[in-house]
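Values below: every heavy atom of this structure, side chains too, minus hydrogens, waters and symmetry copies.
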Amino acid sequence: MARHGGGRGWYGKMVGAALGVTVLAAGASVWTAQAGAVGGSSPESAASAKPAGDVKPVEVTIAHASDKGERGVNITIDDGPDPVWTPQVLDVLKEYGVKATFCMVGTQAQAHPDLVKKVVVAGHRLCDHSVSHDTAMDKESQSYQSKQILDAERMITEASGGVRPIYYRAPGGAFTPYSRSLAASRGMRPLGWNVDTKDFERPGTDAIVATVERELPNGPTLLFHDAGGDRSQTVEALRRILPWLKDQGYAFGFPVR
């Protein structure tokens with residue numbers, strides 16, 4: 001998500017919950033059920049269902065393009081999962097038959113494994129958004145960056161029942177050459193954005209919609225949020241933006257890998 005100031009980010013107060021807690025292993029049965037559900041939704045979404053052991057390096061450059069080509073758009077949802085807003089976002093995406101990429105914060109994934117599983121079963125993709133959403137982590141040591149990225153990868157994978165994140169989005173875009181290389185070595189393509197909807201600031205539904213319409217020529221990857229406060233404006237904006245994009249002839253895809 002875009003930088004909002006405040007350095008360490010608003011998740012800092014939540015980290016104490018249980019960094020050492022391991023999600024109760026659902027084992028191969030959960031993985032099998034999720035892989036079947038995801039694979040059955042569309043050929044593209046099957047790529048989101050990768051067992052934890054299937055790690056292959058990917059491109060280190062920051063992805064912006066869509067796998068649907070020039071008329072493709074990528075819906076990306078940051079900072080969750082959240083028990084209030086993530087289900088509502090999922091409902092809107094389902095209503096319009098849209099798949100999205102959910103960039104999850106490790107502590108949130110660990111706290112709400114049921115929602116992580118729902119995201120995967122619905123055919124969406126997972127993205128590592130660090131452990132604690134520190135928007136200044138590019139100023140920290142490599143060991144700190146490594147812990148933020150790898151611990152979040154583990155938390156999300158455990159919460160999902162074995163499905164790995166396949167992208168890494170640095171909080172606030174705080175990438176470094178080291179963090180990009182580390183993520184790519186773990187099979188997580190660094191993920192950027194082209195359209196920052198500013199929905200985090202709650203500017204009003206009309207303003208969020210107008211930003212998308214105005215800035216879509218900048219590129220296909222759109223940034224929204226499903227946590228961090230009242231996201232009702234985001235939900236309503238998506239309800240308007242998704243059919244508008246379809247009417248404009250856009251296809252919904254995933255960021256390139």
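- Looking only at distances, a side-chain donor or acceptor of D67 sits under 3.5 Å from a matching main-chain atom of F254.
- Formation of a donor-acceptor pair under 3.5 Å by the H64 side chain with backbone atoms of G192 is not found in this model.
- The pair E59-R257 does not meet the salt-bridge criterion, since no charged nitrogen lies less than 4.0 angstrom from a carboxylate oxygen.
- Of the possible polar contacts, one joining the Q145 side chain to the E140 backbone as a donor-acceptor pair under 3.5 Å is found.
- A 4.5 Å side-chain heavy-atom check between L191 and I62 finds every atom pair outside the cut-off.
- For P81 against Q108, the heavy-atom pair with the smallest separation is O-NE2, 3.0 Å.
- Side chains of F102 and V89 form a contact here, defined as non-hydrogen atoms less than 4.5 Å apart.
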- request: Before giving the answer on side chain to side chain contact (heavy atoms under 4.5 Å, CB included), spell out for V92 and V235 the whole-Å C-alpha distance, their side-chain angles and the decisive distance to 0.1 Å.
  value: CA-CA 7 Å; V92 174; V235 173; 3.9 Å; yes
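- Although no hydrogens or angles enter the test, the distance criterion places no donor-acceptor pair under 3.5 Å between the side chain of T86 and the main chain of P83.
- Considering all non-hydrogen atoms of both residues, A152 and S130 come closest at CB-C, 3.4 Å.
- The shortest side-chain heavy-atom distance between T221 and V195 does not fall under the 4.5 Å cut-off.
- Checked by atom type, the side-chain pair S146/S143 shows no donor-acceptor distance below 3.5 Å.
- In this structure, I156 is not a member of the same hydrophobic cluster as V58, with clusters built from ILVMFWY side-chain heavy atoms closer than 4.5 Å.
- Side-chain contact between L216 and Y250: present, with at least one pair of heavy atoms (C-beta onward) separated by less than 4.5 Å.
- By the salt bridge (charged side-chain N to carboxylate O under 4.0 Å, His left out) test, D247 is found to be paired with no residue, residues two or more places apart in sequence or in another chain being considered.
- For the residue pair T135 and A174, the shortest heavy atom distance occurs at O-CB, 3.5 Å.
- Shortest non-hydrogen contact noted between A159 and A109 is CB-O, 3.3 Å.
- Under the ring-ring contact (aromatic ring centres under 6.0 Å, His included) criterion, Y168 pairs with F175, sequence neighbours left out.
- Looking only at distances, no side-chain donor or acceptor of K118 sits under 3.5 Å from a matching main-chain atom of P113.
- Residue pairs meeting the salt bridge (Lys or Arg N to Asp or Glu O under 4.0 Å) criterion with at least one member in residues 216-232, sequence neighbours excluded: R202-D230.
- The salt bridge (charged side-chain N to carboxylate O under 4.0 Å, His left out) check on D82 picks up nothing, with sequence neighbours excluded.
- Counting only distance, with no hydrogens or angles, the side chain of S179 and the backbone of T176 share a donor-acceptor pair below 3.5 Å.
- Contact check on D128 versus R169 returns no salt bridge, with no Lys/Arg side-chain nitrogen under 4.0 Å from an Asp/Glu carboxylate oxygen.
- Side-chain polar atoms of D78 and H225 form no donor-acceptor pair below 3.5 angstrom.
- E213 is linked by a salt bridge (charged side-chain N to carboxylate O under 4.0 Å, His left out) to nothing, counting only residues two or more places apart in sequence or in another chain.
- Contact record, T157 with P165: OG1-CD, 3.4 Å, taken as the closest heavy-atom pair.
- The shortest side-chain heavy-atom distance between I208 and P203 falls under the 4.5 Å cut-off.
- Geometrically, R189 does not engage Y167 in a cation-pi contact defined by less than 6.0 Å to the ring centre and at most 45° from the axis.
- Between Y144 and M137 there is a side-chain heavy-atom pair separated by less than 4.5 Å.
- Between P190 and V60, the closest heavy-atom pair is CG-O, 3.4 Å.
- In this view, R240 and T205, D206, V209 satisfy the side-chain contact (heavy atoms from CB on, under 4.5 Å) rule, not counting sequence neighbours.
- L115 and W85 sit in two unconnected hydrophobic clusters of ILVMFWY residues. Membership requires side-chain heavy atoms under 4.5 Å apart, directly or through other members.
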task: Please lay out, stage by stage, how K246 and Y96 fare under the test side chain to side chain contact (heavy atoms under 4.5 Å, CB included).
output: CA-CA 9 Å; K246 285 189 173 183; Y96 294 102; 4.3 Å; yes
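- Remark: the S132 side chain and the D134 side chain contain no N/O donor-acceptor pair separated by less than 3.5 Å.
- Looking at T197, its side chain does come within 3.5 Å of a backbone N or O of L223 through a donor-acceptor pair.
- For Q148 (side chain) and V131 (main-chain N/O), a donor-acceptor pair under 3.5 Å exists by modelled atom type.
- Between I75 and F224 the shortest side-chain heavy-atom distance falls below 4.5 Å.
- In this structure, L238 is a member of the same hydrophobic cluster as V98, with clusters built from ILVMFWY side-chain heavy atoms closer than 4.5 Å.
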